[in-house]
There are 2 protein chains.
Amino acid sequence: MQLMKAELKQHCPNDANVNCANCRLNSICLPLALRQDEITQLDDIVQRGRPVQKGQHLYRQGENFQSIYAVRSGAIKAYSTTDDGEEQVTGFYFPGEILGMDGIGQNRYASSAQAMDVSAICEIPFHRMEELSGKLPSMQKHFFKLLSQEIVEDQRHITLLSKNSAEERLAALLVSISARHARRGLSATSFRLPMSRGDIGNFLGLTIETVSRVFTRFAKQGLISIANKDVTLIDLEKLKETANVF
Amino acid sequence: MQLMKAELKQHCPNDANVNCANCRLNSICLPLALRQDEITQLDDIVQRGRPVQKGQHLYRQGENFQSIYAVRSGAIKAYSTTDDGEEQVTGFYFPGEILGMDGIGQNRYASSAQAMDVSAICEIPFHRMEELSGKLPSMQKHFFKLLSQEIVEDQRHITLLSKNSAEERLAALLVSISARHARRGLSATSFRLPMSRGDIGNFLGLTIETVSRVFTRFAKQGLISIANKDVTLIDLEKLKETANVF
DNA sequence: ACAGTACGTTGATACGCATCAATAAAGTTG
DNA sequence: CAACTTTATTGATGCGTATCAACGTACTGT
C-alpha cells in the first residue's frame, strides 16, 4: 500500500508540466545518454496523454506501427497471439522502460500492450524519433543499444524457458522485478506484483497452478512472504542463487 | 551432396572480386533497401576475409564488440553460456542473414558465434555502419528493422518453447529452415542440416534423444525422410500444420 | 452488506519428456 | 582399412509439471 503511493508520486506533479528534463526517471529512461540540449529536442517530440486505465491497450498486435512508448508510472504487459489463438506474454514493462519496438520491422505491432494498473505513458512517434536519430548520433547510438538490449533480454528468457525449472524461473522473475524496483530507488525486497498469476505463468511457460504452488513452497522455505499480489523477498540471496544470478 | 555444390557456388567467383553490388544475396541481405550508389558506400566498409573453417569462432561471448557479420555461404550457430556453465543455442544463421547485433547494447558480444560448416563471411565494422546510418536514412531505417525483426524472431522462439510440444518445435524448425532455403532459390524440400542433433535439441529446449525420436516418428509417419544430416520434407503441408504455421 | 464473479490455492492423477543405459553408425586418424 | 572417437538411435524407467477437480478468497457493483 505504501508502495502504491510511492508509485503515484512519479506521475503526480500534475502531469501538465512534466518533461524529460525534470522527469525523475530520466537517468534510466530514454534521456539517459543525452546532453541537456538534446533532451530538449527529445522532449519536443514526446507526447504525454491522460493516464491509461487498467485493462486498456496502448496498441494491439497487427495495428499500424506509429510510436514507441515509455512507461512513466504503473505497469504494462506485452503479449502476442499466435495463429492458433494462444497468447504468450512476452514482457512486463515498468517505469523508465520502453516498449513497442517490435513494431519497427514490419510497420505493424507484433504484440499487444495492455496496462496492468493505471499507468502514465509517454508516447514517442517513431518517424520523429528516426529523424532525431539521424541528427543526433548519441540518440541513434542509444536507440541501437535499446534494441540490442531487448534482444539480449529475450535471449536470456529463451534460456530460462529452455533450461530452468519452475522454481528457477519464478525466482528469476522475482529477482528481475526486484532489481528493476531498486533501480528506481524503491524497495528491492517488498513490492506489489501488478500482474496476475496467469500472466506470470504464461510469461514463464508454466500453468497458474504451478506458479501458485511454487509461491507457496518459497513461502514455506522462508524465502518470501506473499499475500495476494504483495510480496516480500525475505532471503534475496537465496532467491538469486535459485535464479542462477550470481 | 548436390546441395553442397549449390552452396559452394555462392562464394565461388573467386571471392577476390565479390562485392555487395554483384553478390547474389543482395536482395535478401543488407543491401536490400539501398540504392545503387548507397550499396557502393556500404561495400566500402564491408570486409571479406578467408573462409572460416568448421568449428572456428567469429567472435566469443564477452569479447569487445567490433563488427556485425553477414553470412555469405555456409552456416553459423550462435550460443550463449550462462553463469552456471550451461550453453544455450540462440540461433542458426544462413547465407544472407546478419548476426552479432546482440553486442551493441553492452559493447561486448552476448553470445559466441561458431561455424557449423566452412563459411564465407562478410564483416561489417559497427562504428562505420553507425556513421553510414547517420548519413543514409534508408540505411538507418533498415538497420532498425533488422534489430526489430530479431526481437520478433526471438519472441516467436519464446512462444515456441513456452507453448509447443517436441513435435511442434521440431516441425517449426524444419519449416523455418525450408523457408530460408527457398528464399535463396534453393530447394524448400530437400537440404542438409548443418547442425548436430545436440544443437537442434539445445536450440529447441529438448534433449538429443527426443530430437532423434521425433525425427524417427516423422519419418515413420511419412512426413520426412532423413539420413544423417540430409532431410527431405515429403509432406511440407502437414509439417506446417504441425508447426502451427498457416 | 450481499450476491455474483473472477482469481487463487490445494490435492489427486496422468503424461510428455528427461534421464540412464546399451548399441549402432558415422566420422577421424595413423 | 583398422582402431578410435564422436554422434545418433533405440529402449526402459522416473520425475516434473500439466491437467482435472474442488474449494477458498478477494474483488465488483448495487
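Throughout, protein chains are lettered first and strands after them, A, B, ... in sequence-line order, and every chain is numbered starting at 1.
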**OP:** State, without any angle test, whether Asn244(A) and Lys163(A) hold a side-chain donor-acceptor pair at a distance under 3.5 Å.
**Re:** no

Take the protein atom [atom1] of [X] and the nucleotide atom [atom2] of [N], then report the distance between them rounded to whole Å.
{"X": "Asn164(A)", "N": "dC17(C)", "atom1": "CG", "atom2": "P", "result": "18 Å"}
{"X": "Ile208(A)", "N": "dA26(D)", "atom1": "CD1", "atom2": "C1'", "result": "15 Å"}
{"X": "Leu193(A)", "N": "dC7(C)", "atom1": "CG", "atom2": "C1'", "result": "14 Å"}
{"X": "Phe215(A)", "N": "dT10(C)", "atom1": "CZ", "atom2": "P", "result": "12 Å"}

Among [options], which is the nearest nucleotide to the side chain of [X]?
{"X": "Arg213(A)", "options": "dT17(D), dT9(D), dG11(C)", "result": "dG11(C)"}
{"X": "Glu209(A)", "options": "dT10(C), dG8(C), dT10(D)", "result": "dT10(C)"}
{"X": "Lys229(B)", "options": "dG8(C), dA18(C), dA8(D)", "result": "dA8(D)"}

Original post:
Centroid-to-centroid, Tyr79(B) to Phe203(B), below 6.0 Å?
Top reply: no

Subject >> Residues Glu167(B), Arg217(B): salt bridge by 4.0 Å N-O rule >> reply: yes

Name the nucleic acid region contacted by [X], choosing base, sugar-phosphate or nothing; use a 4.0 angstrom heavy-atom cut-off, strictly under.
{"X": "Ser196(B)", "result": "sugar-phosphate"}
{"X": "Gly205(B)", "result": "sugar-phosphate"}
{"X": "Leu206(A)", "result": "sugar-phosphate"}

**OP:** Enter the distance from Leu146(A):CG to Glu97(A):CD here, rounded to the nearest 0.5 Å.
**Re:** 10.5 Å

